[in-house]
Amino acid sequence: MNLFTKIFSEVQLIPPGRVATYGQIAKNFREKYHQSVSPQLVGWALHQNPKPFRTPCHRVVNKNGKLAAGFAFGGPAAQAQLLLKEGVTFLNPTTVDLSKHLFSFPSSGNLGVYRG
DNA sequence: AAGTTGACGACGA
DNA sequence: CTCGTCGCCAACT
């Protein structure tokens with residue numbers, strides 16, 4: 001189990017139709033694995049993205065629900081398409097509605113990074 | 001080993 | 001809203 005592998009596992013916990021923020025994943029990761037991680041590490045790990053279509057990285061967005069500008073496979077448009085097919089609604093072409101689709105990891109309660 | 005990077009987050013201007 | 005700054009931490013060079 002590499003560090004990144006663990007992060008990928010966390011990402012894979014996100015169910016269809018839901019999204020999570022990098023900060024959530026980072027916090028949940030510390031609770032679950034008792035390891036220090038930074039939100040950047042999460043994003044950075046996803047950039048490694050060994051298995052693009054196996055890891056649901058399209059369900060991971062930044063604190064404001066904004067899609068990753070440098071999405072590894074197809075850009076934000078492709079990511080948006082994947083999310084739309086899962087029933088996720090958008091506030092903007094590149095911003096998801098976190099108030100409706102934000103996912104909270106179990107065992108760490110509500111780690112709302114979203115300030116709304 | 002040392003400095004830079006990054007799909008981030010929070011706060012201030 | 002955008003832009004700058006600081007914090008964050010493993011990987012990259």
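Any value given below was found using the heavy atoms of this structure, including those in side chains, with hydrogens, waters and symmetry copies removed. Chain identifiers are assigned alphabetically (A, B, ...) following the order of the sequence lines, protein sequences preceding nucleic acid strands; residue numbering begins at 1 within each chain.
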Selected nucleotide, minimal atom distance to [X] side chain, candidates [options]:
X: His47(A); options: dG6(B), dA7(B), dC8(B); result: dA7(B)
X: Ala68(A); options: dC1(C), dC9(C), dA7(B); result: dA7(B)
X: Asn62(A); options: dA7(B), dG9(B), dC12(C); result: dG9(B)

Interatomic distance, [X] [atom1] vs [N] [atom2] [rounded to whole Å]:
X: Ile7(A); N: dA7(B); atom1: CD1; atom2: P; answer: 14 Å
X: Asn2(A); N: dC12(C); atom1: CG; atom2: P; answer: 11 Å
X: Gln24(A); N: dC8(B); atom1: CD; atom2: P; answer: 15 Å
X: Trp44(A); N: dC9(C); atom1: CH2; atom2: P; answer: 15 Å
X: Leu3(A); N: dC8(C); atom1: CG; atom2: P; answer: 17 Å
X: Phe29(A); N: dC9(C); atom1: CZ; atom2: C1'; answer: 12 Å
X: Lys27(A); N: dA10(B); atom1: NZ; atom2: C1'; answer: 11 Å
X: Tyr33(A); N: dC9(C); atom1: OH; atom2: C1'; answer: 18 Å

Checklist entry - How far apart are the closest heavy atoms of Ala26(A) and Ser38(A), and which atoms are they? => result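 Where Ala26(A) meets Ser38(A) most closely, the heavy atoms are CB-C, 4.0 Å.
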
Checklist entry - Looking at Val37(A) and Phe29(A), what are the two nearest heavy atoms and their distance? => result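 Taking every non-hydrogen atom into account, CG1-CD2, 3.4 Å.
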
Item to check | Flag, side chain of Gln12(A) to backbone of Thr55(A), donor-acceptor distance under 3.5 Å | outcome: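 Looks like no, no N/O pair under 3.5 Å.
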
Checklist entry - Is it true that a side-chain atom of Thr95(A) and a backbone atom of Leu91(A) form a donor plus acceptor pair closer than 3.5 Å? => result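 A pair under 3.5 Å: no.
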
Item to check | Note, His101(A) side chain near Val96(A) side chain (heavy atom, < 4.5 Å) | outcome: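 Not touching, per the 4.5 Å side-chain cut-off.
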
Between protein and nucleotides 4-7 of chain C, what N or O pairs are separated by less than 3.5 Å?
none

Checklist entry - How about Asn92(A) and Thr94(A): does a side-chain donor come under 3.5 Å of a side-chain acceptor? => result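 On atom types as modelled, these side chains do not qualify, holding no pair under 3.5 Å.
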
Next on the checklist: Counting the atoms with a prime plus P, OP1 and OP2 as sugar-phosphate, which does Leu67(A) contact under 4.0 Å by heavy atoms, base, sugar-phosphate, or nothing?
Outcome noted: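 No contact at all - Leu67(A) keeps every heavy atom at 4.0 Å or more from the nucleic acid.
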
Item to check | Any-strand Watson-Crick or G-U partner of dA10(C), both distances under 3.5 Å | outcome: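 Its partner is dT5(B) (Watson-Crick or G-U wobble, both distances under 3.5 Å).
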
Next on the checklist: Please determine whether a side-chain nitrogen of the Lys or Arg among Glu86(A) and Arg59(A) lies less than 4.0 Å from a carboxylate oxygen of the Asp or Glu.
Outcome noted: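 Salt bridge flag = yes for Arg59(A) with Glu86(A).
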
